[in-house]
Amino acid sequence: MTDRIPEPAAEAAPRYDFRTAEPRWQDAWSARGAFRVADAPTDGKPKYYVLEMFPYPSGKIHMGHVRNYTLGDVVARYKRARGCSVLHPMGWDAFGLPAENAARERGIHPAKWTWDNIAAMRGELQRMGLSIDWAREFATCDPAYYGQQQKLFLDFLRAGLAERKESWVNWDPVDGTVLANEQVIDGRGWRSGAPVEKKQLSQWFLRITRFAPELLAALDTLDRWPERVRIMQSRWIGRSEGARLGFALERPADGIAEVEVYTTRPDTLFGMSFLALAPEHPLSAAIAARDPKAAAFVAECRSMGTSEAVIETAEKQGYDTGLRVRHPFLKDRTFPVWIANFVLMEYGTGAIFGCPAHDQRDLDFARKYGLAVPPVVLPPGADPASFAIRTEAYVGPGTAFHSGFLDGLAVDAAKRAAIAALEAQGQGKGEVNWRLRDWGVSRQRYWGCPIPVIHCAACGVVPVPEDQLPVRLPDDVSFDRPGNPLDHHPSWKHVACPSCGAPARRETDTFDTFVDSSWYYARFCSPGAAAPVDRAAVDHWLPVDQYIGGIEHAILHLLYSRFFSRAMRETGHLAVAEPFAGLFTQGMVTHESYRAPDGAWLYPEEIERRPDGTAAVRASGLPATVGRVEAMSKSKRNTVDPGAIIDRYGADTARWFILSDNPPERDMEWTEAGVAGAYRFTQRLFRLVEALDPLPRAPRPESFGPAALALRRAAHRAVAAVTEALESFGFNVAVARLYEFANALAEAERAAADPGMGWARREAAGLLARVIAPMMPHLAEELHARLEPASPLPASPLVAELPWPEPDPALLVAETVTIAVQVNGKLRGAIEAAPDAPAEAVLAAAAAEPNVARALEGKRMVKRVHVPNRIVNFVVAG
RNA sequence: GCCCGCCUGGCGGAACGGUAGACGCAGCGGACUUAAAAUCCGCAGUCGCAAGACGUGGGGGUUCGACUCCCCCGGCGGGCACCA
């Protein structure tokens, strides 16, 4: 496709040539090592660790990357200027399925494909002018990284944080691999979209559940995380309080005498109507073995499980087994045992007691099969004689009734009393349950980190000895048949048992790639260490002060990382529990979408916008349909290539536009007009500074004329305002303040003859160059270099190495303030006054303002409100 | 169904409870130009000649004063969803 992004229009005025300037400054930063930091610095500066989620090396960066890394770079450059020693690294999340797909589809080795992509993307990122310490770069597919990961795993294994379990797994038949629960979405594989099957396999698990209470409780300490991320995690961990209790079968069947149930509502036990088993429950299986109808029902549930349509309609279905159980409190009563499709084997005990009056699912089920619905919680103020359940279960507060010894107790007290009674009878106990499951990390894949164990017929699972790490992936693999190439490899898996020396077999599974990204933040502190981390380095740099990335990682990646820091703490690798002290989740980059008359999606470059707002296909002139503004995606072809934008406008322009459009947590719309506007501003700044060139260095004047003083005030106020905006992630506001700053400097050109103006303009320009630097670092250097020979500001070769300017407090105080004057809350005028002028004088002046005086005429003064330097409000009557 | 977020000019958005619409984009007028582009100077919430009135999704409330705080309702977006 030909490149149809238009050149910025030619200009007559002198123009800033970003094409030569940007590489020049990038070289200058690199030559001076401006962004290098030590693993364990001793410079005494406060540390600041800025990290953006590292990219998957797909081959090209996209606008989401540009936004992510621009945000991080602004923070990094700002914090550096504020005197911090800033760790700002970059690396590659380099294992994963696309590399294997490339191998299968195009015959390229995954390693070559990955490293070529990394080289290409590194070049693109470097063109953005990011202040990254590139000496720390690593890729997770490098044995130097994954070998350390294997070492970590062996430590976890020794510490009991990793274990092998025979378990039902989610099997993706298309990808030919096991999926974590989190990777199953609506019963389908998150990547392939294929219906997931249940399969029993021996798998490696990381015991994240061991930290469930801590992972939940510590969320409260993450006060610089978005609230919604914390809520999502807390729901995912899913703590619930309740009771586990046994129901004795009236007549033991199939060798089973009792069914265990988990409930969060032991207070409603007297409202029981039935007991329900999951189709996968052992008792269900036992019944099915001798009851063909039960078997048919169980089979039906299993086949339904994967159909999306059925899951969504989710009708309750059950099968009455004919068995009955005794009630723990009502000794003379028994209840039917059903197998029900809505009971999950994975949660609790795989069996429930049904209390239809106070649980909607149980109610739906009871209504369908005509089961009893006895209410046992009375809402406040309801009449016990007439209270009845119709189509909605009552789940609110109330007091127990029809409930024997619980009668009269409020819900919480009744729960405690019921649990106490169960415990006294030895039939149950209070129990806290968690939704979080252990993390299955085995994947039947080639392009991942090998799990460093050996299976020996005699010795069982034997860890690979440390001196034999890393367990390297073999290079000579073929992808010509489905399944795991490691398993097919003729020799790789055949090894001697490290323990007994007998022939044994290597583990051929590799780690879930989420493992790779769960500790990379720690590795960045000492990327060359011979151990997973250097303790001094992680103790210095961790936690990450500001982590920035997409909301799509709100649960998995962030939760796994929080687990890893704890696991690494337990195994002595680091000291912090929480890896990310601050988290910022950016919005997506969106763009208009376009369609040709035949319905095909078109790239933005293929479209011409007409002045009347319509769009046409460039090549044919036919009318095109302008579609929704939505997230950039290849399928909709509404993508914009960052490389092409940087070619045409430069990195600073791209950075500036992306920051200026809107608040960074919201979705932004990429528009051609917006980029063009940002580009014009870079040229304007350059012209403003160029106009100062011929002026010689001069000492600071004794006094300034009114226009020069006004400029100085505007400049120092702007510095203060930009500082405040940057501190609070208000980048779009910082941009607005910088536009105002530039406008003030431009306006000053017209009062060039004002006393002291030459000096004031150069001071302002110097300040401007330095405060735009976090956002437009190349232009900042260019402006600074031009000003330097004549600048009254302290000399230094690079803005990147200069401290952040401090505004002069004297210039931040206004000479006069404008005070708005209201009458009965309506604006009637405004007066100028000296700052902090006496209240009586201000009130008198306000009342005398002609428009105000007119509004006050003939009225009785009720109240006079005076907010110093802000507003006066006269409250009148009559 | 539950949870979270959002709703301000043509558009993106700004605004410690204190002059709503800063700043930018698009637009309009003017200067420069043979012309255009670029640049520069201006205008610009709506209605109104003006005075003024109205105006931050709708309705109520607190307050001298509400985009901002509280309650109710509506719309849009996102997340979770048989978790007992």
Side-chain angles (χ1 to χ4, degrees), chain A residues 8-13 15 186 226-232 234-236 238-240 242 261-265 268 276 278 311-312 314-316 340-344 346-355 358-362 364-365 433-436 551-552 554-555 611 613 629 657 660-663 665-669 671-678 680-681 683-684 687 721 725 730 732-743 746-747 749-750 818-830 851 854 862-876:
Chain A
E11 292 168 52
R15 62 187 270 207
D186 291 338
E227 178 74 16
R228 60 175 174 149
V229 174
R230 289 185 290 167
I231 289 170
M232 284 161 81
S234 113
R235 288 183 141 215
W236 190 264
R239 181 183 195 273
S240 68
V261 151
Y262 177 75
T263 178
T264 57
R265 294 299 302 272
T268 63
I311 287 173
E312 279 183 11
E315 191 172 348
K316 305 276 179 291
N341 66 343
F342 66 94
V343 181
L344 305 174
E346 304 87 63
Y347 188 80
T349 60
I352 61 157
F353 85 86
C355 175
H358 305 292
D359 183 290
Q360 191 62 45
R361 295 158 302 185
D362 297 348
D364 294 344
F365 189 77
N433 221 323
W434 303 85
R435 184 180 178 276
L436 187 69
I551 187 72
E552 67 273 17
I555 296 176
V629 171
F657 173 54
S660 68
D661 189 61
N662 67 351
E665 68 276 13
R666 298 196 203 164
D667 290 353
M668 75 161 290
E669 186 186 350
T671 63
E672 305 312 309
V675 196
R680 284 200 299 272
F681 184 62
Q683 297 297 330
R684 181 160 182 248
R687 279 196 305 275
N732 58 322
V733 179
V735 165
R737 299 287 95 86
L738 287 165
Y739 272 114
E740 287 171 346
F741 193 170
N743 290 344
E747 196 179 342
E749 281 184 2
R750 280 179 277 163
T818 305
I819 297 175
V821 185
Q822 298 180 338
V823 176
N824 284 348
K826 284 199 189 295
L827 185 69
R828 293 300 169 191
N851 213 32
R854 189 149 23 99
V862 176
K863 187 173 182 179
R864 300 186 305 170
V865 180
H866 173 232
V867 181
N869 303 325
R870 284 257 174 212
I871 205 164
V872 166
N873 189 11
F874 295 117
V875 184
V876 295

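Residue numbering restarts at 1 for every chain, and letters A, B, ... go by the order of the sequence lines. FYI, side chains are in, hydrogens and waters are out, and symmetry mates aren't considered; it's all heavy atoms of this structure.
Closest to the side chain of A:Arg680, from the set B:C25, B:G13, B:G24, is B:C25. The side chain of A:Val343 sits closest to B:A84 out of B:A84, B:A14, B:A53. Checked against B:A53, B:A84, B:A14, the side chain of A:Val733 finds its nearest nucleotide in B:A14. For A:Ile871, whose side chain is taken as the heavy atoms from C-beta onward, the closest listed nucleotide among B:G18, B:A20, B:A53 is B:G18. For A:Arg854, taking side-chain heavy atoms from C-beta onward, the closest of the listed nucleotides B:A53, B:G18, B:A51 is B:A51. Checking B:U39, B:U19, B:G18 against the side-chain heavy atoms of A:Arg687 singles out B:U39 as nearest. Here the side chain of A:Gln822 is nearest to one of B:A51, B:G65, B:C4, namely B:G65. Nearest nucleotide to the side chain of A:Arg828, out of B:A84, B:A22, B:A53: B:A53.
Here, B:G75 and B:G30 have their P atoms 47 Å apart, quoted to the whole Å. On the P atoms, B:U34 is 25 Å away from B:G27, given to the nearest whole Å. Rounded to whole Å, the C1' atom of B:U56 lies 4 Å from the corresponding atom of B:U8. A distance of about 26 Å separates the P atoms of B:U19 and B:C25, rounded to the whole Å. Distance check on atom C1': B:C2 versus B:A81 gives 8 Å, rounded to whole Å. For the P atom pair drawn from B:G18 and B:G65, the interatomic distance equals 14 Å after rounding to whole Å. Using atom C1' as the reference point in both B:G45 and B:A22, the two lie 14 Å apart (nearest Å). Separation of the C1' atoms belonging to B:C49 and B:C41 is 27 Å when rounded to the nearest angstrom.
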Worked check of side-chain contact (heavy atoms from CB on, under 4.5 Å) between A:Val821 and A:Arg828:
CA-CA 6 Å; A:Val821 185; A:Arg828 293 300 169 191; 5.6 Å; no

Query - Test log, rule side-chain contact (heavy atoms from CB on, under 4.5 Å), inputs A:Phe365 and A:Asp359 - result: CA-CA 10 Å; A:Phe365 189 77; A:Asp359 183 290; over 6 Å; no

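We find that CG of A:Asp364 is positioned 16 Å from P of B:A84, with the value rounded to whole Å. The nearest whole Å value for the distance from the NZ atom in A:Lys316 to the C1' atom in B:C82 is 5 Å. Residue A:Glu665 contributes atom CD, which lies 15 Å from atom P of B:G12 at whole-angstrom precision. One atom, CG of A:Asp667, and another, P of B:C4, lie 20 Å apart when rounded to the nearest Å. With rounding to whole Å, A:Arg737 atom CZ is found 8 Å from B:C23 atom P. Look at CD1 on A:Ile819: it is 12 Å from C1' on B:U19, rounded to the nearest Å.
Here A:Thr263 lies in heavy-atom contact (under 4.0 Å) with sugar-phosphate atoms only. Within the 4.0 angstrom heavy-atom criterion, no nucleotide atom of any strand lies near A:Asn869. Residue A:Asn873 is classed as a base contact, given a heavy-atom separation below 4.0 Å to a base. Here A:Arg239 lies out of heavy-atom contact (under 4.0 Å) with every strand. Within 4.0 Å of A:Asn743, counting heavy atoms only, lie sugar-phosphate atoms of the nucleic acid but no base atom. Using a 4.0 Å heavy-atom criterion, one finds that A:Ala673 contacts the sugar-phosphate atoms exclusively. Looking at heavy-atom distances under 4.0 Å, A:Glu740 makes contact with sugar-phosphate atoms alone, never a base. Among the protein residues, A:Val862 comes within range of no part of the nucleic acid, since none of its heavy atoms lies under 4.0 Å from any strand. Across all strands shown, A:Val875 has heavy atoms under 4.0 Å from sugar-phosphate atoms exclusively, and none from any base. Residue contacts shown for A:Arg235 include a base, since a base heavy atom lies under 4.0 Å away.
The side chain of A:Arg435 places no N or O atom within less than 4.0 Å of a non-bridging phosphate oxygen (OP1 or OP2) of B:A84. Put simply, A:Arg870 has no side-chain N or O that comes within less than 4.0 Å of OP1 or OP2 on B:C64. At the phosphate of B:A14, OP1 or OP2 sits under 4.0 Å from a side-chain N or O atom of A:Asn732. Taking side-chain N and O atoms only, A:Thr671 has no distance below 4.0 Å to OP1 or OP2 of B:G12. Between A:Tyr739 and B:G24 there is no side-chain polar atom (N or O) within less than 4.0 angstrom of OP1 or OP2. Regarding contacts with the backbone of B:U63, every side-chain N or O of A:Lys863 stays at 4.0 angstrom or more from both OP1 and OP2. The phosphate of B:G13 has OP1 or OP2 within less than 4.0 Å of a side-chain N or O from A:Asn662. Between A:Arg750 and the phosphate of B:G42, there is a side-chain N or O to OP1/OP2 separation shorter than 4.0 Å.
With hydrogens and angles disregarded, a donor-acceptor distance shorter than 3.5 Å links the side chain of A:Asn662 to the backbone of A:Asp667. No donor-acceptor distance shorter than 3.5 angstrom exists from the side chain of A:Asn433 to the backbone of A:Ser240, with no hydrogens or angles considered.
No more than 12 heavy atoms of other residues, nucleotides or ligands lie within 6.0 Å of CZ in A:Arg228, so this atom counts as exposed by the packing criterion.
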Restricting to nitrogen or oxygen on both sides, can you table the protein-nucleotides 8-10 of chain B pairs closer than 3.5 Å?
none

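Using modelled atom types and a 3.5 Å distance limit, the side chains of A:Glu747 and A:Asn743 yield no donor-acceptor pair.
In this structure B:G9 sits in the syn conformation; its chi angle is within 90° of 0.
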Symbol by symbol from the 5' end, with Watson-Crick or G-U pairs under 3.5 Å, [ ] crossing and | another strand, RNA chain B is (((((((..(((.....[....))).(((((.......))))).(((....)))..(((((..]....))))))))))))....

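The side-chain heavy atoms of A:Phe353 and A:Asp362, taken from C-beta on, include no pair separated by under 4.5 Å.
Under the 30°/60° scheme for interplanar angles, the aromatic rings of A:Tyr262 and A:Tyr347 are found to stand perpendicular.
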